[in-house]
Amino acid sequence: MEPFTRDATLVKHLPAHVGQTVELQGWVANRRDSKLRTFIVLRDGTGFVQCVVERDRVGEAAFALSRKLGLESSIYVRGKVVSDARQMGGVEVHVETLKAYQVVQDYPIAKKAHGVEFLMDRRHLWLRSRRQWAIMQIRNRAIQAIHRYFQRHDFVQADAPILTGNACEGTTTLFPTPFYDQTAYLTQSGQLYGEAMAMAFGRIYTFGPTFRAEKSKTRRHLSEFWMIEPEMAFFDLDMLMDFIEDFVRTVTLEVVEQSRMEMEILGRDPAPLRKVAEPFERLEYERAVRVLNGTERVNGMSAVEMWRQELDHTRAEIQSVQGRIAELEGLLKQPMKEKKRNYYQAELNQAKARLHTLEERRKNIPLWIESAENFRFGNDFGGADETVLTLLFDRPVMVYNWPRAIKAFYMKGVPGRPDLVKGVDLLAPEGYGEIVGGSERETDEQVLRQRIREENLPEEAFEWYLDLRRFGTVPHAGFGLGFERYVSWLAKLPHVREAIPFPRMYGRLFP
RNA sequence: UCCUCGGUAGCUCAGUUGGUUAGAGCGGGUGGCUGUUAACCACCAGGUCGGGGGUUCAAGUCCCUCCCGAGGAGCCA
């Protein structure tokens, strides 16, 4: 194609080229016209930069071209890099040459709010938007920071198979797929293989996709998501908790420091993330039960009181939103210009939507209070229970020593407590909930065999796994980090679907 | 699988106890103005109100049913 150059400068490197003339290639992310100049925001994947096209500098033909460039037109620009404090990134480009690979008209995603379905149907284009760009930058940094962390700590990346013959935990729904004359399943966890590889290489981690065929439609679920699963030989639960804490702390702080601009684009306040520098709360499950049902208080407050406080906040906000709605409705009854009327109407609609959300929360809190009050040993946490625990402690919370009955068969028992296992979950604050689940693994072949029978799992499919306990069994432990949930927390996303380029979820296979 | 909410112009949404010819903003087109940040001003074009059935003199509005979407529960990372 005609204007193509092999010597283009990347937008992210422009601050180092102030005063120089550079070549850029990319797409029109935004365009605004004035009489004498056209402002083009050029996007090349590494960043965004405003390019100023003036008739006197580029000539009549190129100036006319600049007026025709629809959003996402692909262009070539040569121009001088100039400092400009008004721009994000601090520079802009004064264009001397402008050429187009393709002039685009009617790009479907407009510079305005769109609905979720509309955007999801156009995910292949939506990824180009500034917000999605910022999220994927954060995702990439998190991936890099995770690999760095493990490599620094003598881990080997050793991936597990995606096609498997047996269910790992047997509980959740699997995706079956033909495998020659057999049926295979898409993996829901690489853990069992991770244990085998830890016996081979000492410390390993997997980083790959996992699949769950749950018909869940919530902000926390994907059918295909990425999981990081480290497994360490000669490791116990205490070491595991120290490790999880240091891992999450180090990776999170690294990403926060590298992603200031992206967090600004996303409107994500980094302060709650920086709190990972402080010690995480470690809470035995039995204490979590007492905290939830109010027999033990935290900082002078019980879970129920925390919910009551949330309820008061919600009620107060409902009142203030209702007040504004009444005010707006009053205003709209009076004569005014169409433009102004519309502005008020838009605000009114927003307020009504907000009110709807708040009313739902108000209706739910009493149910959540009931759930907390009735929380007994043997119950698993609901989303609300996780939220109130992180609210009470105001930091990431690790819950450990869980009831055996609600955890997987491979977890090691707590000595002297046949009803407990050495599992640990990490709950992320700000309502994000469980992002890590891990445990010390059972090392005894007979105990494992017994547990497999109790869970009605096909014993013969686990013979290879039981081999690990016959030939040099050692204490070992590991965990799984749900990567999209983690990215969602880092970027404070309302839904995990934005944390992965092409989400696969219940009801969504395209694009 | 269950509960709640929704489907009206290309997009985002209004549309009153059922009542004449269904509205706005954005986007598109034309003209004007402007170192602009989702620019602004004026005018123009743009609709089988998710599908099917029913009630009624009359249905976007009420009833039944199906489809699709969003959020939540369960389950989970």
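Per chain, numbering begins at 1; letters A, B, ... match sequence-line order.
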Could you give the distance separating [M] and [N] at their [atom1] atoms, to the nearest angstrom?
{"N": "B:rU55", "M": "B:rU61", "atom1": "C1'", "result": "14 Å"}
{"N": "B:rG47", "M": "B:rG23", "atom1": "C1'", "result": "11 Å"}
{"N": "B:rU16", "M": "B:rG74", "atom1": "P", "result": "37 Å"}
{"N": "B:rG52", "M": "B:rA9", "atom1": "C1'", "result": "24 Å"}
{"N": "B:rC11", "M": "B:rG50", "atom1": "P", "result": "13 Å"}
{"N": "B:rG72", "M": "B:rG15", "atom1": "C1'", "result": "29 Å"}
{"N": "B:rG18", "M": "B:rU56", "atom1": "P", "result": "16 Å"}
{"N": "B:rC49", "M": "B:rC33", "atom1": "P", "result": "42 Å"}

Round to a whole Å and report the spacing from [atom1] of [X] to [atom2] of [N].
{"X": "A:R362", "N": "B:rU4", "atom1": "CZ", "atom2": "P", "answer": "17 Å"}
{"X": "A:M398", "N": "B:rA77", "atom1": "CE", "atom2": "P", "answer": "17 Å"}
{"X": "A:F118", "N": "B:rG7", "atom1": "CZ", "atom2": "P", "answer": "18 Å"}
{"X": "A:W226", "N": "B:rA77", "atom1": "CH2", "atom2": "C1'", "answer": "15 Å"}
{"X": "A:F48", "N": "B:rA38", "atom1": "CZ", "atom2": "P", "answer": "13 Å"}
{"X": "A:I146", "N": "B:rA77", "atom1": "CD1", "atom2": "P", "answer": "17 Å"}
{"X": "A:L174", "N": "B:rC75", "atom1": "CG", "atom2": "P", "answer": "17 Å"}
{"X": "A:F381", "N": "B:rC75", "atom1": "CZ", "atom2": "P", "answer": "13 Å"}

Mind checking [X] for me? I need base, sugar-phosphate or nothing, with any heavy atom below 4.0 Å counting as a touch.
{"X": "A:D121", "value": "nothing"}
{"X": "A:L222", "value": "base"}
{"X": "A:E92", "value": "base"}

Will you find, in the side chains of [X] and [Y], an N or O donor that is under 3.5 Å from an N or O acceptor?
{"X": "A:S189", "Y": "A:E229", "value": "yes"}
{"X": "A:E195", "Y": "A:Y465", "value": "yes"}
{"X": "A:Q50", "Y": "A:R32", "value": "yes"}
{"X": "A:R212", "Y": "A:T210", "value": "no"}
{"X": "A:H94", "Y": "A:E92", "value": "yes"}

Could you list the protein-to-nucleotides 27-31 of chain B atom pairs, N/O on both sides, closer than 3.5 Å?
none

Nearest-nucleotide comparison on RNA chain B, the residue closer to the 5′ end among A:Q50 and A:R31: A:Q50
Residue whose nearest RNA chain B nucleotide is more 5′ - A:H94 or A:D380: A:H94
Side chain proximity check, A:E434 to A:R220, heavy atoms < 4.5 angstrom: no
From B:rC76, B:rU36, B:rA39, nucleotide with atom closest to A:N30 side chain: B:rA39
Contact state string [nucleotides 67-73 of chain B, B base, S sugar-phosphate only, - no protein heavy atom under 4.0 Å]: -SSSSBB
Determine, for [Y] and [X], whether the Lys NZ or Arg CZ falls below 6.0 Å from the six-membered ring centre while staying within 45 degrees of the axis.
{"X": "A:R249", "Y": "A:F280", "answer": "yes"}
{"X": "A:R122", "Y": "A:F118", "answer": "yes"}
{"X": "A:R451", "Y": "A:Y410", "answer": "no"}

Side-chain-base donor-acceptor pair under 3.5 Å for A:E54 and B:rG35: no
Polar side-chain contact A:R485-B:rC76 base: donor and acceptor under 3.5 Å: yes
All stems with RNA chain B, defined as three or more consecutive Watson-Crick or G-U pairs under 3.5 Å: B:1-7 with B:67-73, B:10-13 with B:23-26, B:28-32 with B:40-44, B:50-54 with B:62-66
Under the side-chain hydrogen bond (donor to acceptor under 3.5 Å, both in side chains) test, residues paired with A:R219 that sit two or more places apart: none
Nucleic acid contacts - residues 427-440 of chain A versus RNA chain B, non-hydrogen atoms under 4.0 Å: A:E434, A:I435, A:V436
Closest heavy-atom pair and its distance - A:R123, A:M136: NH2-CE, 3.6 Å
Closest contact, heavy atoms only, A:M505 versus A:H495: CE-CE1, 3.8 Å
Centroid distance under 5.5 Å and plane angle under 30°, A:F39 vs B:rG35: no
Partner residues of A:T252 under the side-chain contact (heavy atoms from CB on, under 4.5 Å) criterion, sequence neighbours left out: A:V248, A:V256, A:L273, A:V276, A:Y486, A:W489, A:L490
Ring geometry between A:W368 and A:W307 (parallel below 30°, tilted from 30 to 60°, perpendicular above 60°): tilted
A:Y149-A:Y205 aromatic ring centre distance below 6.0 Å: no
NZ/NE/NH1/NH2 to OD/OE distance under 4.0 Å, A:E484 and A:R497: no
B:rA39 phosphate, OP1 or OP2, under 4.0 Å from A:R32 side-chain N/O: yes
